[in-house]
Amino acid sequence: MAVAAATRIAVVVVVLALAVLAPAARGLRRDDFPPGFLFGAATSAYQIEGAYLDDNKGLNNWDVFTHTQAGRISDGRNGDVADDHYHRYTEDVDILHNLGVNSYRFSISWARILPRGRLGGVNSAGIAFYNRLINALLQKGIQPFVTLNHFDIPHELETRYGGWLGAAIREEFEYYSDVCFNAFGDRVRFWTTFNEPNLSTRHQYILGEFPPNHCSPPFGNCSSGDSRREPYAAAHNILLSHAAAVHNYKTNYQAKQGGSIGIVIAVKWYEPLTNSTEDVRAARRALAFEVDWFLDPIFFGDYPREMREILSSNLPKFTPEEKKLLQNNKVDFIGINHYTAIYAKDCIYSPCTLDTYEGNALVYAIGRRNGKIIGKPTALHGYFVVPEAMEKVVMYVNDRYRNTTIYITENGYSQHSDTSMEDLINDVERVNYMHDYLKYLSSAIRKGANVGGYFAWSIVDNFEWVYGYTVKFGLYQVDFDTQERIPRMSAKWYRDFLTSSSLTDGLQVRSRRADS
Ligand SMILES: O=C(/C=C/c1ccc(O)cc1)O[C@@H]1O[C@H](CO)[C@@H](O)[C@H](O)[C@H]1O
């Protein structure tokens, strides 16, 4: 008994010592990244702005969805107020300035600019808001990194065209992007057309969790939809909307405004479940359905072979003119949102339940191999902490898309809202997550990857889509009753990392209280 107890204590001591010392030995410096590197934080309009009816803003698809189908959101809440950023943006710009970031990634609310789409006219109050925000950022030396579309579209376009399923939405997006280039492009150096269309179309049209809730069996029982066809029809319209916007920017704005334009893709890393040829190919296939789906058309003019073979007539085809439009208007950079990795199991040669995110790729994704989990779980179901995947994702994109500049446009760690206040504020796990993911990012850069920046998701807790406010991603905690923003330990760690050239590691942070 005594021996067992002593062994247990010894094990605990060793584990604690490793936990404290390991990050110190690995150390991370601002200087590990190139001098012009962008370090920032990210948000999106619907998740933080609130003011959903202010100043002539039109309703968007998420306004309508969260009001009519509140039961589909974990806590039944919505973005009516969110972080009230629309009224508190100056405080939020101060927070960014105090953190020491040199860039801020945010999105523009389409329904604020064009409340009813192209035919309803431009809302000057919406333009004025983003002018105030952009000017406030520039005054503090913070580069705006602007997303044109982060999941929210004017509700009228959903009803009039069936959202992204209708080809007519391409002209709507082209017009909207033109209004934005024209209004803000003199001061915006970094544009992206879409945020994670590879994720949003799957949540909208395969799983039916995002508006307009389209799905079909075996993925779910929605009142309408076709999970095998619609996501690809929507993606096709998004790709052609993207190409039209890039073409317009490159033809009419880039030379005089001097900015660059890209697209943001969600990149989960897939590790083969076993070393069998089947699982190795499954991991590769899952990645093709994740990344190549959007980036192959943009770089090479067509969808990847794996998708054409499996989806056959459900995958739309590009006309020769469309292929030319895509290839003649390559992006200047690729945005990668990276959070996690998961094992991929083949479902061509062995039976699986195929009703999940990867189902159409004939892949089943699973967090465990031989009972052992791939990384620590986070508050988001299916999202694990796997820092080394950051390097793999970056090398994959860098190699396949010919050394095009990459920005990590999102990376971050989530906590459950039911976590104790003490642990929410002293968010050691988030510090370690950022430290370790940045470490592997710097390793990719050392191996030759062309990476231009990193954005933490997110600056403040916000409306996390179907999770409502039950999942927290902020470097700053937000009290949603008072709108008070409180810096977490991670905010102080990020500031120290950005503002000092000395080694920043878990050791300093662990011995310091977030409120010191
Ligand atoms: O939006 C998503 C992910 C959504 C999801 C995941 C799992 C589910 O089960 C349902 C939805 O990706 C990004 O990651 C962030 C942190 O999630 C979001 O807050 C950002 O808006 C988005 O760009």
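It should be emphasised that the depicted structure is a prediction, and the values quoted were computed from it without experimental measurement. Just so you know, residue 1 is the first one in the sequence shown, and it goes up from there. In each ligand, atom 1 is the first atom listed, and ligand 1 is the first ligand listed.
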Exercise. Judging by distance only, is a nitrogen or oxygen of Tyr383 under 3.5 angstrom from one on ligand 1?
Worked result: no

Problem set entry | Arg485: which of Asp479, Asp461, Asp92 passes salt bridge (charged side-chain N to carboxylate O under 4.0 Å, His left out) | Asp92

Exercise. Centres of the Trp62 and Phe151 rings: under 6.0 Å?
Worked result: no

Exercise. Among protein heavy atoms, which lies nearest atom 10 (C) of ligand 1, and at what distance?
Worked result: His203 CE1, 3.4 Å

Seminar exercise, completed: for atom 23 (O) of ligand 1, nearest protein heavy atom and its distance come out as Glu410 OE2, 2.7 Å

Exercise. Under 6.0 Å between the ring centres of Trp293 and Tyr232?
Worked result: yes

For this session: Pull out every atom of ligand 1 sitting under 4.0 Å from any heavy atom of Trp465, numbered as shown with elements.
Result: 1 (O), 18 (C), 19 (O), 20 (C), 21 (O)

Exercise. What protein heavy atom sits nearest atom 9 (O) of ligand 1, and how far away is it?
Worked result: Tyr467 OH, 3.4 Å

Exercise. Do Tyr89 and Glu49 meet the criterion of a side-chain donor-acceptor pair at a distance under 3.5 Å?
Worked result: no

Problem set entry | Within reach of ligand 1, part of His381 (heavy-atom separation under 4.0 Å) | neither

Problem set entry | 4.0 Å heavy-atom contact, Gln47 with ligand 1 | yes

For this session: Determine, using ring centers only, whether Trp164 and Phe194 are less than 6.0 Å apart.
Result: yes

Problem set entry | Per-residue contact class, Asn195 against ligand 1 - non-hydrogen pairs under 4.0 Å | side chain

Exercise. Which of the listed options, Val471, Val264, Leu199, holds the heavy atom that is closest to atom 4 (C) of ligand 1?
Worked result: Leu199

For this session: Answer with yes or no whether the side chains of Gln477 and Arg488 bring together a donor and an acceptor at under 3.5 Å.
Result: yes

Exercise. Would you say the side-chain atoms of Asn213 and Gln69 include a donor-acceptor pair closer than 3.5 Å?
Worked result: yes

Exercise. Taking the six-membered ring for Trp, is the centroid-to-centroid distance between Phe145 and Phe455 below 6.0 Å?
Worked result: yes

For this session: Using a strict 4.0 Å cut-off to heavy atoms of His150, name the atoms of ligand 1 that fall inside it.
Result: 20 (C), 21 (O), 22 (C), 23 (O)

Exercise. For ligand 1, which atoms have a heavy atom of Phe151 less than 4.0 angstrom away?
Worked result: 1 (O)

Problem set entry | Close-contact set for ligand 1 against Leu380 heavy atoms, below 4.0 Å | 17 (O)

Seminar exercise, completed: Among non-hydrogen protein atoms, atom 19 (O) of ligand 1 lies closest to Glu464 OE1, 2.6 Å

Problem set entry | ligand 1 atoms in contact with Glu209 (distance to a heavy atom under 4.0 Å) | 10 (C)

For this session: Enumerate the atoms of ligand 1 whose separation from the nearest heavy atom of Glu196 is less than 4.0 angstrom.
Result: 1 (O), 2 (C), 12 (O), 13 (C), 22 (C), 23 (O)

Exercise. What atoms in ligand 1 come closer than 4.0 Å to a heavy atom of Tyr339?
Worked result: 14 (O), 15 (C), 16 (C)

Problem set entry | Cationic tip of Arg202 above Tyr357 ring, under 6.0 Å, 45° of axis | yes

Problem set entry | Element-labelled atoms of ligand 1 that are located less than 4.0 Å from some non-hydrogen atom of Asn337 | 23 (O)

For this session: Could you tell me how the ring of Trp465 sits relative to the ring of His150: parallel (under 30°), tilted (30 to 60°) or perpendicular (over 60°)?
Result: parallel

Problem set entry | Pair His435 + Tyr440: ring centers closer than 6.0 Å | no

